[in-house]
Amino acid sequence: MPNEADFEQAGKSTNNLQVSISNDLIKSWQNAATIAFSKTDDKKIKLANTNLDNTFQKNTTLTNLKCQFKLEKR
């Protein structure tokens, strides 16, 4: 999953908006063996919602998930 820095390096402006991902998108990857979130330039990918119920529960294929989550108060 590309982050803001990856888009900028590819010439696609994010207008300084943080890249976010929803649990529904993560759920759609349930047949993936690996999911990786970019750490380019230490830019973060924001989780669009906090409800991760059933996001990985039924997944029997995923063997590797690389990510760091940081919860911040609004």
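For this chain, numbers begin at 1 and follow the sequence in order.
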Inset, instruction - Return the set of residues passing side-chain hydrogen bond (donor to acceptor under 3.5 Å, both in side chains) with Ser13 (not counting sequence neighbours), or none when no residue passes. - result: Asn15

Legend entry - Residue pairs, two or more places apart or on separate chains, that pass side-chain hydrogen bond (donor to acceptor under 3.5 Å, both in side chains) and touch residues 16-26: Asn23-Asn49

Inset, instruction - I would like to know whether Lys44 and Asp42 meet salt bridge (Lys or Arg N to Asp or Glu O under 4.0 Å); could you show each step before the answer? - result: CA-CA 6 Å; Lys44 308 295 185 234; Asp42 202 32; 2.9 Å; yes

Inset, instruction - Could you tell me whether the side chain of Asn3 and the main chain of Lys43 form a donor-acceptor pair under 3.5 Å? - result: yes

Inset, instruction - Could you pull out all residues at least two apart from Glu8 that satisfy side-chain hydrogen bond (donor to acceptor under 3.5 Å, both in side chains)? - result: Thr14

Inset, instruction - Quick one: pull up CG in Leu17 and CZ in Phe7 and give me the separation to the nearest 0.5 Å. - result: 11.5 Å

Inset, instruction - First locate atom NZ of Lys12, then atom CD of Glu4, and finally report the distance between them rounded to the nearest 0.5 Å. - result: 16.0 Å

Legend entry - Distance (rounded to the nearest 0.5 Å) between Thr40 OG1 and Asp6 CG: 3.5 Å

